[in-house]
Amino acid sequence: MRYRDVVAATAAIGALARAGRHRDAVSLFSRVLADGVPRPNEFTFGTVLRSATALRDPRAGAQLHACAAKFGLRSDVFVGSALVDHYAKMGAMREAQGALGDTREPNVVSYTALIAGFLKNGMPEKALGLFRCMPEKNVVSWNAMIGGCSQAGLSEEAVGLFREMCREGVWPNEFAFPCVLTSVANTGALGVARSVHASAIKHLGKLDVYIGNSLVICYARCGSLEDSVLVFASMEQKNVVSWNALICGYAQNGRGEEALAAHKRMIATGLKANNVTLLGLLFGCNHAGLVDEGYSLFKTAQREQPDTLKPEHYACVVDLFSRAKRFDEAKRFLEDLPFEPGLGFWKSMIGGCLIHWNKDLAESVAKRIHALDPEDTSSYILLSNVYFSVGNWESASMIRRHIKEKGLKRITGCSWIDVQDKAHVFVNGDSRHPQSDEIYKVLEVCLDNDEDEHCLAV
DNA sequence: ATAGGGTTAG
């Protein structure tokens with residue numbers, strides 16, 4: 001069938017795209033093009049390019065780009081933004097920049113698409129540079145910056161940008177809050193969480209399910225399970241993500257029993273658990289020592305929805321057994337894995353050996369790890385800690401020397417506490433804090449009261 | 001008839 005005019009043809013392509021039938025949309029475009037009638041215009045290209053992007057098909061994108069150029073539409077702003085967005089989402093940032101350069105009158109959309117691309121492809125400085133000098137900003141450009149920083153793990157930047165946006169008088173919409181709340185969750189600042197929550201109510205009135213979910217996880221990560229549960233209870237709409245957020249919150253805070261209970265309630269509402277649910281449950285069981293419950297959940301999932309199982313779930317089971325000193329079961333489980341265990345699996349085992357002072361097993365597992373990766377520092381450290389724990393100082397310091405000699409780099413873990421919305425970060429043996437002396441005095445008092453605890457030198 | 005931004009684990 002032929003289309004009466006270009007409007008009808010474009011509408012037909014657009015309808016396919018809206019129905020998610022992107023492959024058909026691209027085919028229809030090719031047919032229209034082959035017929036030669038009607039002649040596609042800038043709207044047609046914009047529409048079909050979106051489908052090529054949704055398909056993540058760089059070949060189709062490049063062909064459409066060339067074709068648009070042939071039709072003299074390359075410098076149109078609609079075609080241009082669609083091209084920038086396409087290339088940015090394919091990770092081809094040079095081409096994306098080129099497409100913006102070819103656009104005669106680039107607008108907010110063109111710039112925003114490029115900024116989002118820079119952030120997604122690990123170039124936050126370029127994104128920020130462009131954002132600072134773009135001719136015009138709107139709430140979407142702000143959201144792209146906030147969301148992109150949040151995804152890139154630049155939590156402080158994301159929160160800062162959110163504040164700046166509000167200061168500039170830009171009214172945040174519902175898209176901004178999930179991003180900024182994720183970032184707040186990563187910094188763990190409860191006071192900030194509360195103020196962003198208040199800001200959401202002030203700006204939006206009603207909170208949608210995305211924001212509710214983000215609040216549940218944010219409060220849990222900031223250490224306030226009370227607020228987390230309160231938000232969850234107040235949500236009108238709940239989906240799998242909401243339940244997962246609740247379950248994971250319980251799990252992170254060591255409340256395995258409550259996580260299991262929440263899972264039962266979730267099933268009762270007719271929702272099906274997915275891979276994240278299972279991971280949260282296993283994690284919760286892990287930290288509450290609910291070994292049999294956790295393993296039985298795993299086996300049920302293996303039976304009923306084997307497609308949801310990923311290596312991470314198997315790793316949790318290894319952790320579950322080895323933390324509980326059930327090394328034989330852990331070993332048997334490892335041998336029966338349906339895939340090659342990665343380093344993480346063996347590290348899990350050493351972790352268990354450290355808790356239970358199992359030197360012999362730690363040695364044999366360390367051998368396996370170093371066969372896979374001789375540069376793996378964390379397993380050396382874990383092994384030397386096992387030696388420390390059983391009082392074998394010589395072997396322990398030998399390993400430390402070995403690490404130094406090989407020049408292996410180790411990633412230092414850190415912890416922090418939040419005092420009046422300011423995070424104070426510490427690493428082991430740190431003395432850089434301005435109140436360091438006082439802090440250590442208080443610490444000594446605490447440690448004196450607690451002499452039975454084993455203090456592991458890492 | 002067309003465009004850019006959102007939530008869950010480690």
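It should be emphasised that the depicted structure is a prediction, and the values quoted were computed from it without experimental measurement. FYI, side chains are in, hydrogens and waters are out, and symmetry mates aren't considered; it's all heavy atoms of this structure. Here is how names work: the chains are called A, B, and so on, in the same order as the sequence lines, proteins then strands, and each is numbered from 1.
Between chain A and DNA chain B, the heavy-atom contact criterion of under 4.0 Å yields a 5' to 3' nucleotide range of B:dA1 to B:dG10.
Heavy atoms from other residues, nucleotides or ligands lying under 6.0 Å from CD of A:Glu257 number 12 at most.
Using a 4.0 Å heavy-atom distance criterion, A:Thr44 is classed as making no nucleic acid contact. Among the protein residues, A:Gln252 comes within range of the sugar-phosphate backbone only, with heavy atoms under 4.0 Å from sugar or phosphate atoms but none that close to a base. Backbone-only engagement by A:Ser214 is indicated by non-hydrogen atom pairs under 4.0 Å involving sugar-phosphate atoms exclusively. Base contact: A:Leu279 has a heavy atom under 4.0 Å from a base atom. Nucleic acid contact for A:Phe78: base, since at least one base atom lies under 4.0 Å from a heavy atom of the residue. Here A:Leu49 lies out of heavy-atom contact (under 4.0 Å) with every strand. Base engagement by A:Asn107 is indicated by at least one non-hydrogen atom pair under 4.0 Å involving a base atom. Among the protein residues, A:Val108 comes within range of the nucleic acid bases, having at least one heavy atom under 4.0 Å from a base atom. Using a 4.0 Å heavy-atom distance criterion, A:Lys89 is classed as a sugar-phosphate-only contact. If you check every strand for non-hydrogen atoms under 4.0 Å, A:Asn239 touches nothing. Nucleic acid contact class of A:Asn274 (heavy atoms, under 4.0 Å, all strands): none.
For residues 91-99 of chain A, proximity to DNA chain B is found at no residue, defined as any non-hydrogen atom under 4.0 angstrom from a strand atom.
Using cut-offs of 30° and 60° for the angle between ring planes, the A:Trp142 and A:Phe131 rings count as perpendicular. The aromatic rings of A:Phe177 and A:His203 lie tilted to each other, with the angle between the two planes from 30° to 60°. In this pair, A:Tyr295 and A:Phe298 present their aromatic rings parallel. The plane angle is below 30°, not in the 30 to 60° band.
Atoms CG and CE, from A:Leu128 and A:Met145 in turn, are 4.5 Å apart once rounded to the nearest 0.5 Å. The CZ atom of A:Phe43 sits 13.5 Å away from the CD1 atom of A:Ile13 when rounded to the nearest 0.5 Å.
Under 4.0 Å is where a charged nitrogen must lie from a carboxylate oxygen, and between A:Asp227 and A:Arg194 at least one such pair does.
Counting only residues at least two apart or on different chains, the side-chain hydrogen bond (donor to acceptor under 3.5 Å, both in side chains) pairs with a member in residues 125-136 of chain A are A:Arg132-A:Glu164.
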When you look at A:Arg23 and A:Asp57, which way does the salt bridge (Lys or Arg N to Asp or Glu O under 4.0 Å) test go after all the steps? CA-CA 10 Å; A:Arg23 191 55 73 190; A:Asp57 186 344; 3.4 Å; yes
